Structure formats: C-alpha cells, structure tokens
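Only a predicted model underlies this, so the values are computations on that prediction, with no experimental measurement involved.
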Amino acid sequence: QVNLAESGGGSVEEGGSKRLACEVSGYMSGSNCMAWFRQSPGLERERVATIYRDDSRYTYYSTSVKGRFTISRDSAKKTLYLQMDRLKPEDTAIYFCAAGSTIPRGPWDCEMSTASSFDYWGQGTQVTVAS
C-alpha cells in the first residue's frame, strides 16, 4: 500500500521560510499527480499547489500563494516538497500532501484536479506563522 508522510512543519516568523517534505512509501508511479493542500479551522480545504510528474514546467498554484511557494518533486527519492517563502499569518494551517492513484493523461489532469482527485493523503503537518 501507499503511505504519505509530511514533515518540516513548525512555527516561523512572518516573512520567514519553511520547507515541507512528503515522503512516499510503498509502490507508486512517479507519473501520478501530487499536490499540497492546507486547512485552517472553520475553512474549507484549499488546494495550494500541484505538479505533473516531476516537471517544474507544469505546476499549479493558488492565487494566495503564487509567487511565494514552489512545489517540486524528486522522483528518485520519492519525495514531494513545498518551499514556502515570505510567509504570512494567513498561511497558518495544517498542510497535507496528496497523490493520485492513476497516471494522468497530461499536465491538465493535475492542474484541474480537486481534493476528490487524490486517493492517498498524509496525516498533515502544522505550520504556524506568527505576526
């Protein structure tokens, strides 16, 4: 079976940086879509970023994080990353990594994905940004 495990969360000052990692165990194709989501109390789960394979040319970012966050994937290490820069208090949330169970037809499948598109989820890691 496939398991995802996030790490790298914690507290950081406003304007600081954090790098999250999501390690994949078990068998999973390196071609599957992967993504980062986040959720704050009282709010819906938000899709933060997605990536097609490990190709940085085909990524999606929510408007709220675009230009500040960078998603990347090291297929050889079976690890997904989220580099978060210039963090804001509004970024405080539990961050989840997710992976699909099927091979996408192309980059658009990942870019147009929703939470229901992903079958594997990590347990989440808390990121707290102090103002």
key: Steps toward side-chain contact (heavy atoms from CB on, under 4.5 Å) verdict (Arg47, Ser62)   = CA-CA 7 Å; Arg47 184 167 63 118; Ser62 68; over 6 Å; no
[X] side, atom [atom1]; [Y] side, atom [atom2] - distance, nearest 0.5 Å:
| X | Y | atom1 | atom2 | result |
| --- | --- | --- | --- | --- |
| Ile51 | Met34 | CD1 | CE | 9.5 Å |
| Ile71 | Met84 | CD1 | CE | 12.0 Å |
| Tyr60 | Met112 | OH | CE | 9.0 Å |

Can you list everything that forms a side-chain contact (heavy atoms from CB on, under 4.5 Å) with [X]? Sequence neighbours excluded, please.
| X | value |
| --- | --- |
| Glu90 | Lys88 |
| Thr114 | Ser116, Ser117 |
| Ser25 | Asn3 |

Just to verify, what does [X] make a salt bridge (charged side-chain N to carboxylate O under 4.0 Å, His left out) with, not counting sequence neighbours?
| X | value |
| --- | --- |
| Asp54 | none |
| Arg45 | none |
| Glu14 | none |

message = Quick check on the hydrophobic clustering: are Val12 and Val65 connected, directly or via other members, by side-chain heavy-atom contacts under 4.5 Å?
response = yes
note = residues 68-106 vs ring-ring contact (aromatic ring centres under 6.0 Å, His included), sequence neighbours excluded, gives none
ask   = Does anything in residues 112-131 pair up under ring-ring contact (aromatic ring centres under 6.0 Å, His included), and if so which pairs, sequence neighbours excluded?
value = Phe37-Phe118, Phe37-Trp121
remark   = Between Val129 and Thr92, the two heavy atoms sitting closest are N-OG1, 2.9 Å
Can you give each donor-acceptor pair under 3.5 Å made by side-chain atoms of residues 17-24, sequence neighbours left out, with the distance rounded to 0.1 Å?
| from | atom 1 | to | atom 2 | distance (Å) |
| --- | --- | --- | --- | --- |
| Ser17 | OG | Asp85 | OD1 | 2.8 |

remark   = Of Glu6, Glu46, Glu44, the one forming a salt bridge (Lys or Arg N to Asp or Glu O under 4.0 Å) with Arg38 is Glu46
Check ion pair Asp55-Arg53 (N to O, under 4.0 angstrom) = no
Only pairs under 3.5 Å count here: list side-chain donor-acceptor contacts from residues 97-110, not counting sequence neighbours, and write none if there are none.
| from | atom 1 | to | atom 2 | distance (Å) |
| --- | --- | --- | --- | --- |
| Ser101 | OG | Asp119 | OD2 | 2.3 |
| Arg105 | NE | Asp109 | OD1 | 3.3 |
| Arg105 | NE | Asp109 | OD2 | 3.0 |
| Arg105 | NH2 | Asp109 | OD1 | 2.6 |
| Asp109 | OD2 | Arg105 | N | 2.9 |

query = According to the disulfide (SG to SG under 2.5 Å) rule, which pairs have a member within residues 34-93, sequence neighbours left out?
reply = none
ask   = Under the 3.5 angstrom rule, does the side chain of Lys78 hit a backbone N or O of Ser29 as a donor-acceptor pair?
value = no
Whether Ser11 side chain and Val127 backbone form a donor-acceptor pair below 3.5 Å = no
Leu80 side chain reached by Trp36 side chain, heavy atoms, under 4.5 Å = yes
ask   = Got a sec, which hydrophobics cluster with Tyr52, joining ILVMFWY side chains under 4.5 Å apart, including via others?
value = Tyr58
request  = Apply the test side-chain contact (heavy atoms from CB on, under 4.5 Å) to residues Lys66 and Thr63: give CA-CA distance (whole Å), side-chain angles for both, the deciding distance (0.1 Å), then the verdict.
outcome  = CA-CA 5 Å; Lys66 190 172 185 179; Thr63 301; 5.9 Å; no
